[in-house]
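Down below is the structure, laid out as C-alpha coordinates.
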Amino acid sequence: MSTPGLQGSGEAELPDTAAAADPRLAGRAQNAATEVAEALADERSRRYETTIRSAARLYQLPESLLRAVIHTESNYNPNAVSRTNAMGLTQLMPSTARFLGVGQPFEPRQNIYGGAKFLRLLANRFGGDMVLVLAGYFSGAGAVQKYGGVPPHPGVRAYVKAVLRRFYAYERELQRRDAGNTGPSRDIAGLP
(Lines give C-alpha, C1' and ligand atoms only; values in the text may rest on other atoms or scores of the structure.)
Protein backbone atom coordinates (compact mmCIF):
# COMPACT_ATOMS: atom_id res chain seq x y z
CA MET A 1 0.00 0.00 0.00
CA SER A 2 1.53 3.35 -0.94
CA THR A 3 0.79 6.78 0.42
CA PRO A 4 1.27 9.28 -2.38
CA GLY A 5 1.72 12.95 -1.62
CA LEU A 6 2.49 12.78 2.10
CA GLN A 7 6.13 13.80 2.04
CA GLY A 8 6.22 16.37 -0.73
CA SER A 9 4.13 19.46 -1.23
CA GLY A 10 1.57 18.51 1.39
CA GLU A 11 -1.08 17.90 -1.26
CA ALA A 12 -2.60 14.43 -0.99
CA GLU A 13 -2.95 12.85 -4.39
CA LEU A 14 -6.37 11.24 -4.53
CA PRO A 15 -6.30 7.71 -5.96
CA ASP A 16 -8.94 8.00 -8.70
CA THR A 17 -6.91 5.85 -11.08
CA ALA A 18 -6.97 2.83 -8.75
CA ALA A 19 -10.75 3.03 -8.52
CA ALA A 20 -11.03 3.29 -12.29
CA ALA A 21 -8.80 0.24 -12.78
CA ASP A 22 -10.68 -2.00 -10.34
CA PRO A 23 -14.48 -1.76 -10.15
CA ARG A 24 -14.44 -3.17 -6.60
CA LEU A 25 -12.35 -0.18 -5.48
CA ALA A 26 -14.73 2.20 -7.22
CA GLY A 27 -17.61 0.73 -5.22
CA ARG A 28 -15.71 1.04 -1.96
CA ALA A 29 -14.75 4.63 -2.79
CA GLN A 30 -18.39 5.41 -3.56
CA ASN A 31 -19.51 3.80 -0.29
CA ALA A 32 -16.91 5.83 1.63
CA ALA A 33 -18.03 9.01 -0.13
CA THR A 34 -21.64 8.32 0.81
CA GLU A 35 -20.68 7.52 4.42
CA VAL A 36 -18.65 10.71 4.68
CA ALA A 37 -21.35 12.93 3.16
CA GLU A 38 -23.88 11.47 5.60
CA ALA A 39 -21.49 11.86 8.54
CA LEU A 40 -20.77 15.49 7.69
CA ALA A 41 -24.50 16.18 7.48
CA ASP A 42 -25.19 14.39 10.77
CA GLU A 43 -25.52 16.47 13.92
CA ARG A 44 -23.15 14.13 15.80
CA SER A 45 -20.17 15.05 13.62
CA ARG A 46 -21.10 18.73 13.32
CA ARG A 47 -21.10 18.95 17.13
CA TYR A 48 -17.32 18.31 17.11
CA GLU A 49 -16.36 20.30 14.00
CA THR A 50 -14.63 23.17 15.79
CA THR A 51 -12.73 20.86 18.14
CA ILE A 52 -11.60 18.57 15.32
CA ARG A 53 -10.47 21.54 13.24
CA SER A 54 -8.53 23.16 16.11
CA ALA A 55 -6.92 19.87 17.22
CA ALA A 56 -5.87 19.14 13.63
CA ARG A 57 -4.39 22.62 13.34
CA LEU A 58 -2.59 22.42 16.70
CA TYR A 59 -1.01 19.04 15.92
CA GLN A 60 -0.43 19.86 12.24
CA LEU A 61 -2.58 17.01 10.95
CA PRO A 62 -4.99 16.86 8.06
CA GLU A 63 -8.46 17.50 9.41
CA SER A 64 -9.59 14.72 7.08
CA LEU A 65 -7.29 12.25 8.83
CA LEU A 66 -8.61 13.08 12.29
CA ARG A 67 -12.19 12.86 11.01
CA ALA A 68 -11.51 9.52 9.30
CA VAL A 69 -10.03 8.06 12.49
CA ILE A 70 -12.96 9.26 14.60
CA HIS A 71 -15.46 8.02 12.02
CA THR A 72 -13.81 4.59 11.85
CA GLU A 73 -13.15 4.24 15.57
CA SER A 74 -16.47 5.41 17.06
CA ASN A 75 -18.71 6.77 14.30
CA TYR A 76 -18.75 10.03 16.30
CA ASN A 77 -20.08 8.36 19.47
CA PRO A 78 -18.33 9.99 22.47
CA ASN A 79 -19.44 7.16 24.79
CA ALA A 80 -18.14 4.31 22.62
CA VAL A 81 -16.25 1.52 24.40
CA SER A 82 -14.60 -1.27 22.46
CA ARG A 83 -14.32 -4.89 23.57
CA THR A 84 -10.69 -4.08 24.44
CA ASN A 85 -11.80 -1.11 26.61
CA ALA A 86 -10.76 1.63 24.17
CA MET A 87 -12.79 4.73 24.99
CA GLY A 88 -14.48 7.70 23.40
CA LEU A 89 -14.44 9.29 20.00
CA THR A 90 -10.86 8.36 19.11
CA GLN A 91 -10.99 5.08 21.06
CA LEU A 92 -8.04 5.67 23.36
CA MET A 93 -6.85 2.69 25.36
CA PRO A 94 -6.71 3.46 29.12
CA SER A 95 -2.89 3.32 29.20
CA THR A 96 -2.64 5.52 26.10
CA ALA A 97 -5.06 8.04 27.58
CA ARG A 98 -2.96 8.22 30.76
CA PHE A 99 0.25 8.59 28.72
CA LEU A 100 -1.31 11.44 26.73
CA GLY A 101 -2.62 13.19 29.84
CA VAL A 102 -6.28 12.57 28.99
CA GLY A 103 -7.91 12.47 32.41
CA GLN A 104 -11.48 12.17 31.14
CA PRO A 105 -11.43 10.04 27.97
CA PHE A 106 -15.20 10.31 27.48
CA GLU A 107 -15.05 14.11 27.45
CA PRO A 108 -15.08 14.84 23.70
CA ARG A 109 -12.60 17.72 23.65
CA GLN A 110 -10.01 15.86 25.75
CA ASN A 111 -10.47 12.71 23.69
CA ILE A 112 -10.15 14.46 20.33
CA TYR A 113 -7.06 16.38 21.42
CA GLY A 114 -5.59 13.19 22.90
CA GLY A 115 -6.22 11.24 19.70
CA ALA A 116 -4.73 14.05 17.60
CA LYS A 117 -1.67 14.20 19.86
CA PHE A 118 -1.23 10.43 19.52
CA LEU A 119 -1.48 10.66 15.72
CA ARG A 120 1.15 13.44 15.75
CA LEU A 121 3.51 11.36 17.92
CA LEU A 122 3.10 8.43 15.55
CA ALA A 123 3.60 10.68 12.51
CA ASN A 124 6.84 11.95 14.01
CA ARG A 125 7.99 8.41 14.81
CA PHE A 126 7.18 7.01 11.35
CA GLY A 127 8.28 9.97 9.24
CA GLY A 128 4.75 10.92 8.22
CA ASP A 129 4.00 7.59 6.52
CA MET A 130 0.23 7.52 6.92
CA VAL A 131 -0.01 3.74 6.52
CA LEU A 132 2.46 3.16 9.35
CA VAL A 133 0.82 5.88 11.47
CA LEU A 134 -2.57 4.18 11.15
CA ALA A 135 -1.12 0.72 11.73
CA GLY A 136 0.54 2.08 14.86
CA TYR A 137 -2.68 3.73 15.98
CA PHE A 138 -4.49 0.41 15.69
CA SER A 139 -1.90 -2.09 16.88
CA GLY A 140 0.70 0.00 18.67
CA ALA A 141 3.95 1.53 17.50
CA GLY A 142 5.91 -1.41 18.94
CA ALA A 143 4.10 -3.88 16.70
CA VAL A 144 4.85 -1.77 13.62
CA GLN A 145 8.54 -1.64 14.58
CA LYS A 146 8.62 -5.35 15.40
CA TYR A 147 7.36 -6.28 11.93
CA GLY A 148 9.21 -3.50 10.12
CA GLY A 149 5.91 -2.23 8.71
CA VAL A 150 2.23 -3.06 8.90
CA PRO A 151 1.77 -6.11 11.14
CA PRO A 152 0.56 -9.08 9.05
CA HIS A 153 -2.79 -9.36 10.76
CA PRO A 154 -6.01 -8.96 8.75
CA GLY A 155 -7.55 -6.67 11.36
CA VAL A 156 -4.72 -4.15 11.07
CA ARG A 157 -4.77 -4.15 7.28
CA ALA A 158 -8.56 -3.82 7.15
CA TYR A 159 -8.41 -0.92 9.62
CA VAL A 160 -5.76 0.93 7.64
CA LYS A 161 -7.72 0.47 4.40
CA ALA A 162 -10.97 1.62 6.01
CA VAL A 163 -9.41 4.77 7.48
CA LEU A 164 -7.61 5.61 4.22
CA ARG A 165 -10.82 5.20 2.19
CA ARG A 166 -12.58 7.57 4.55
CA PHE A 167 -9.60 9.94 4.62
CA TYR A 168 -9.69 10.34 0.84
CA ALA A 169 -13.48 10.72 0.90
CA TYR A 170 -13.24 13.43 3.59
CA GLU A 171 -10.51 15.15 1.59
CA ARG A 172 -12.73 15.29 -1.48
CA GLU A 173 -15.81 16.40 0.41
CA LEU A 174 -14.04 19.05 2.50
CA GLN A 175 -12.21 20.38 -0.57
CA ARG A 176 -15.52 20.61 -2.38
CA ARG A 177 -17.12 22.44 0.56
CA ASP A 178 -14.17 24.70 1.31
CA ALA A 179 -13.08 25.47 -2.25
CA GLY A 180 -10.50 28.20 -2.01
CA ASN A 181 -10.28 28.06 1.80
CA THR A 182 -6.86 26.98 3.06
CA GLY A 183 -6.97 24.75 6.13
CA PRO A 184 -4.35 22.75 7.94
CA SER A 185 -1.58 21.28 5.86
CA ARG A 186 -2.06 17.70 4.70
CA ASP A 187 1.64 16.99 5.31
CA ILE A 188 1.92 14.95 8.46
CA ALA A 189 5.68 14.51 8.37
CA GLY A 190 6.11 17.69 10.41
CA LEU A 191 8.58 19.04 7.87
CA PRO A 192 8.71 22.77 7.15
Between the main-chain N or O of E107 and the side-chain N or O of Q104, is there a donor-acceptor pair closer than 3.5 Å? no
Restricting to pairs with a member in residues 64-89, which pass salt bridge (Lys or Arg N to Asp or Glu O under 4.0 Å), not counting sequence neighbours? E63-R67
Consider only side-chain heavy atoms of I, L, V, M, F, W and Y, link residues closer than 4.5 Å, and tell whether V102 and L58 are in one cluster. yes
Say whether V133 and I52 are linked into one hydrophobic cluster, either directly or through other cluster members, by side-chain heavy-atom distances under 4.5 angstrom. yes
With sequence neighbours excluded, residues passing side chain to side chain donor-acceptor pair (under 3.5 Å) with E173: R176, R177
Is the shortest heavy-atom distance from the side chain of L132 to the side chain of L122 under 4.5 Å? no
What one should report as the nearest heavy-atom pair of M93 and A86 is SD-CB, 3.7 Å
Would you say the side-chain atoms of T90 pair up with the backbone N or O of N111, donor to acceptor, closer than 3.5 Å? yes
How long is the span from the NE2 atom in H153 to the CZ atom in F138, to the nearest 0.5 Å? 9.5 Å
Nearest 0.5 Å please: distance from the CG atom of N85 over to the CD atom of Q91. 10.0 Å
Side chain to side chain, M87 and P94, heavy atoms closer than 4.5 Å: yes
Would you find a donor on one side and an acceptor on the other, under 3.5 Å apart, between the side chain of R166 and the backbone of H71? no
Interatomic distance, OH@Y170 vs CG@L65, rounded to 0.5 Å, equals 11.5 Å
What side-chain hydrogen bond (donor to acceptor under 3.5 Å, both in side chains) pairs are there with at least one residue in residues 137-151, not counting sequence neighbours? R125-Q145
Check T96 against L92 and note the closest heavy-atom contact, atom names and distance. CG2-CD2, 4.4 Å
Checking side-chain polar atoms at under 3.5 Å, does S64 have a donor or acceptor matched by the opposite partner on Y168? no
With a 4.5 Å heavy-atom cut-off, do Y159 and V69 have their side chains touching? yes
Give the C-alpha distance, both sets of side-chain angles, the deciding distance and a yes or no for side-chain contact (heavy atoms from CB on, under 4.5 Å) between Y59 and Y113. CA-CA 9 Å; Y59 290 107; Y113 273 85; 4.0 Å; yes
Any side-chain heavy atom of I112 within less than 4.5 Å of one from L66? yes
For R98, give me all partners under side chain to side chain donor-acceptor pair (under 3.5 Å), at least two apart in sequence or on another chain. none
Answer whether the closest heavy-atom distance between the side chains of L100 and L121 falls below 4.5 Å. yes
Are any non-hydrogen side-chain atoms of V144 and V150 less than 4.5 angstrom apart? no
My understanding is that only residues two or more places apart in sequence, or in another chain, count here; which of them pass side chain to side chain donor-acceptor pair (under 3.5 Å) with Y48? none
Testing the basics here: between T72 and A68, what is the closest heavy-atom pair and its distance to 0.1 Å? OG1-O, 2.8 Å
Quick one: does any side-chain atom of S74 pair with a main-chain N or O of I70 as donor and acceptor, under 3.5 Å? yes
Using side chain to side chain donor-acceptor pair (under 3.5 Å) as the criterion, list what pairs up with T84, not counting sequence neighbours. S82
Spell out, yes or no, whether L174 and L119 are grouped together once hydrophobic residues are joined by side-chain heavy atoms under 4.5 Å, including indirect joins. yes
Could you measure the distance from the CG atom of L134 to the CZ atom of R157? Nearest 0.5 Å is fine. 13.5 Å
Under 3.5 Å, is there a donor-acceptor pair between the side chain of R44 and the main chain of N75? yes
If every non-hydrogen atom of G88 is compared with every non-hydrogen atom of F106, which pair is closest and at what distance? N-CE2, 3.8 Å
